[in-house]
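Only one structure is covered here, and it is reproduced in the block below.
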Number of protein chains: 2
Amino acid sequence: MLTQAAEDYLKSIYKLQEKGGKVSTGILAEYLDVKPASATGMIKKLKSMNLVSHERYQGVTLTDAGKAIALEIIRHHRLLELYLFKALGVPWDGVHEEAEKLEHVISEDVEARMDAFLGYPTADPHGSPIPDKNGVVPKTISIPMTELQNGQSCVVAEVNDNDSALLRHLGSFNLYPGTAFRVIEVAPFEGPFTIDIAGQQAVIGREVAKNIFVSNVQETDIV
Amino acid sequence: MLTQAAEDYLKSIYKLQEKGGKVSTGILAEYLDVKPASATGMIKKLKSMNLVSHERYQGVTLTDAGKAIALEIIRHHRLLELYLFKALGVPWDGVHEEAEKLEHVISEDVEARMDAFLGYPTADPHGSPIPDKNGVVPKTISIPMTELQNGQSCVVAEVNDNDSALLRHLGSFNLYPGTAFRVIEVAPFEGPFTIDIAGQQAVIGREVAKNIFVSNVQETDIV
DNA sequence: TATATAATTTAGGTATACCTAAAATAATTT
DNA sequence: AAATTATTTTAGGTATACCTAAATTATATA
C-alpha cells in the first residue's frame, strides 16, 4: 500500500499533466502546497517505485503503473463526492473536502457498493468524469463559458471543484451540471456575461465564467 | 486535531477500562499490537495533553477530556458500522474493519447525516451501544449466553465484534441482535447448547456462546 | 558571452510513531 | 531477605514526510 502523501502526489501529477504540458517540481510543489525540496524528495521516492519518470530539471511524467494508481484515486474521489451528494445530501461545495480524506481509506468493496447504488455514474456533482474500474475516463466535450457569444444557448457540463465559495455562488444561480442557459449579452472589453436560466436573469463575471465549462452550444433566435 | 494513533490509544484505553480493572502498559500494548515501549511513549504524549492520568508502573486512566474523545471515536465507529450495514449492505463481518479506517476521517457533518438517515439508532449491527453526541452511552442489560439454563428463552442483545469468522458463523444461524431463541438443552460438564431459533435447531459450542450476550430471559414451558 | 535571475536539488533538521536492547523498577518465589 | 522473574521505562535507531538554507544547474538578460 502506498502512503496517503504518495497517492496525493500521483493524483496531482495526473491532474497537472491533463491540464497542460510539463509538470515541473515547482508547479507540483505549489499545487500541493509544499516546498519544492519536498516535491523533489517524493519524486525520487516515486521514481524508485517506477511510478514516475524523471530526469533532473526536466519535469515528471507518470508511468503506466503510476497513472493506473492516480486514476484509481480519482475514481474513489469522484464516486465518493457523488455518493455524499446524492445519498447523504452533503452540499456540493462540501463534498470535495470530505472526499479528499475518504478517498485514501475506502475499500474496493464499499466503492463497488456505492457505484451500484448510484447506478454506475460517469460524472461527479461538478461534472468531472468518473474513470471506470479499468481506468478508462469517459470523454466529455465542453468549452469554457468564456468562449460563448451573444445569443448562444448551452448546458453546463462541468465546473471547477476546488473553490467552495465559488460553488456556493454557482449554486445560488442553479448553475449545476445539466442546467441549460442562454447568453443574453456579453459585455464588451472582456466584461461580464448576462444570461438567462429558466427565465431568470443572472450576471456572471468573467473570472467566475472561467470556471464553467459548457456543451451543446447552439445559436438561438433572440426572443 | 489528534493523530490517528493517539485516537486509537484513547479508544483502546476506554475499552480496556470498561472490560476490567487497571489498564497496564503491557495490556494496552498487546491490545494495540505494539511493543510496550511504544505504549509508554504514547502514554507520555497523551499525559502531556491531559488526556490520561499516569503514574509510572501504575497503569493509565482516561481524564474527562480523554474519555470524551474516546467516546466520540467509538460513536463514529459504531454509527459507521450500522450505516455500512444498512445503507450499503456490507456484511456484518466486514463492517468493523472498514469502520476502523473511516472513524478517523469522517466529519461531524457527515456523521450527523448518517445518524439522521438511520433514525438516531442506539446500537450497532453487533448490538454495541452507540454513544450520543454528548457522550452518553445507552444502558444495555444483558447476560452471557453461557449463563442460560434449559428451557429459557431470550433475545440476542450483543455479540463480540472482533472476529470475522465468528460473525459469519453466527450469521449462518441468524444469530443477529434482536433474534429470539430458546435453549432446548445445555449439555452437562460445560458442554454445548442446543437451541431453537424460529423452529430450526442449532448447536452452539461453549466458546462460541461466550461471545453472545442475551436479554429478555424468560422461563418457557417445553412444548 | 558574461552575468543575473529563476528553478531545482542537496544537505541537514523537525516531528510522529514505531522498533530493539538495555536499564530500572516491581512482584513473586525460594 | 535474597534471588529470580516479569513489567515498565529509558536510550538510541528506523521510516515517512515535511521544513530551511545553501549549492547547483538552467534560463534569460545585458
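It should be emphasised that the depicted structure is a prediction, and the values quoted were computed from it without experimental measurement. In what follows, chains carry the letters A, B, and so on, assigned in the order in which the sequence lines appear, proteins first and then strands, with residues in each chain numbered from 1.
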Contact under 4.0 Å: [X] side-chain N or O vs [N] OP1/OP2:
X       : N      : result
A:Lys35 : D:dC18 : no
A:Tyr9  : D:dC18 : yes
B:Ser38 : C:dC18 : no
A:Lys45 : D:dA15 : no
B:Thr40 : D:dT10 : no

Find the distance [X]:[atom1] to [N]:[atom2] and express it as a whole number of Å.
X       : N      : atom1 : atom2 : answer
B:Glu7  : C:dT16 : CD    : C1'   : 14 Å
A:Leu2  : D:dT16 : CG    : C1'   : 13 Å
B:Lys47 : D:dT8  : NZ    : C1'   : 14 Å
A:Lys22 : C:dA7  : NZ    : C1'   : 9 Å
A:His54 : C:dT10 : NE2   : P     : 9 Å
A:Ile27 : C:dA7  : CD1   : P     : 9 Å
B:Met42 : D:dT8  : CE    : P     : 18 Å
A:Asp33 : D:dA17 : CG    : P     : 17 Å

Counting heavy atoms from C-beta on, name the nucleotide in [options] closest to the side chain of [X].
X       : options                : answer
B:Ala37 : D:dT20, C:dA17, C:dT20 : C:dT20
A:Thr25 : C:dT8, C:dT16, D:dC18  : C:dT8
A:Arg56 : C:dT25, C:dT16, D:dT25 : D:dT25

Task: Nearest-0.5 Å distance that lies between atom CD1 in A:Ile73 and atom CD in A:Glu7 - done: 3.5 Å
TODO: Measure the spacing between CG of A:Asp109 and CD of B:Glu97 and express it to the nearest 0.5 Å.
DONE: 10.0 Å
Open item on the list: Would you say A:His77 and A:Glu81 are linked by a side-chain donor-acceptor pair, where the criterion is simply a distance under 3.5 Å?
Closed with: yes
Task: A:Lys15/A:Glu18 salt bridge by N-O under 4.0 Å criterion - done: no
Open item on the list: Closer than 3.5 angstrom, by distance alone: can the side chain of B:Thr25 be matched with the main-chain N or O of B:Ala39 as a donor-acceptor pair?
Closed with: no
Open item on the list: Using heavy-atom distances to pick each residue's nearest nucleotide on DNA chain C, tell me which of B:Val34 and A:Gln58 is more 5'.
Closed with: A:Gln58
Task: Under-3.5 Å donor-acceptor pair between A:Tyr57 side chain and D:dT24 base - done: yes
Task: Nucleotide forming a Watson-Crick or wobble pair with C:dT30, both distances under 3.5 Å - done: D:dA1
